[in-house]
Amino acid sequence: MLTSFPLLAAVGLALRCALNWGLSNRWGLSLTVPQILAGALIVLAGLPDLLKPFAYPLPLSFTLGVVLPDLFLRRK
């Protein structure tokens with residue numbers, strides 16, 4: 001049985017793939033996030049609420065699922 005962490009990561013990854021597919025079919029665009037920004041988003045999502053400089057509403061697992069392709073794949 002899957003816990004909420006891998007399920008939210010899978011939902012984030014599926015949302016990212018669907019959005020990327022829709023953008024590429026409709027307008028020929030590709031959605032990418034620089035690796036530095038992706039890493040910063042993961043660190044920001046992983047911080048406790050007391051240490052966050054501003055409110056970040058997405059959980060760590062969802063953020064990880066959304067930016068995972070940008071961390072492992074490099075596009076030119």
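In the hydrophobic clustering of ILVMFWY residues, with side-chain heavy atoms under 4.5 Å counting as a link, F54 and L60 come out together. Linking ILVMFWY residues whenever their side-chain heavy atoms come closer than 4.5 Å, directly or via other members, places V11 and L41 in the same cluster. In the hydrophobic clustering of ILVMFWY residues, with side-chain heavy atoms under 4.5 Å counting as a link, I36 and F72 come out apart. By the criterion of side-chain heavy atoms lying less than 4.5 angstrom apart, applied directly or through intervening Ile, Leu, Val, Met, Phe, Trp or Tyr residues, V67 is grouped together with F5 in one hydrophobic cluster. Criterion: ILVMFWY side-chain heavy atoms under 4.5 Å apart, direct or through other members. Under it, L71 and L8 are not part of a common hydrophobic cluster.
Applying the salt bridge (charged side-chain N to carboxylate O under 4.0 Å, His left out) test to every pair with at least one member in residues 34-48, sequence neighbours left out, gives no pairs at all. The list of side chain to side chain donor-acceptor pair (under 3.5 Å) pairs with a residue in residues 48-68, not counting sequence neighbours, reads Y56-T63.
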Which donor-acceptor pairs under 3.5 Å do the side chains of residues 21-29 make with protein atoms, sequence neighbours left out?
| unit_1 | atom_1 | unit_2 | atom_2 | d |
| --- | --- | --- | --- | --- |
| S24 | OG | N20 | O | 3.2 |
| S24 | OG | W21 | O | 3.0 |

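Within the model, atoms CG of L68 and CD1 of I42 stand 7.5 Å from one another, a figure rounded to the nearest 0.5 Å. In this structure, CZ in F62 is found 11.0 Å from CZ in R16, a value given to the nearest 0.5 Å.
Counting only heavy atoms from C-beta outward, the side chains of L13 and P69 approach each other to under 4.5 Å.
Checking side-chain atoms of D70 against main-chain N and O of A38 turns up no donor-acceptor pair under 3.5 Å.
By the 6.0 Å contact criterion, CG on L51 is enclosed, its count of non-hydrogen atoms from other residues, nucleotides or ligands being greater than 12.
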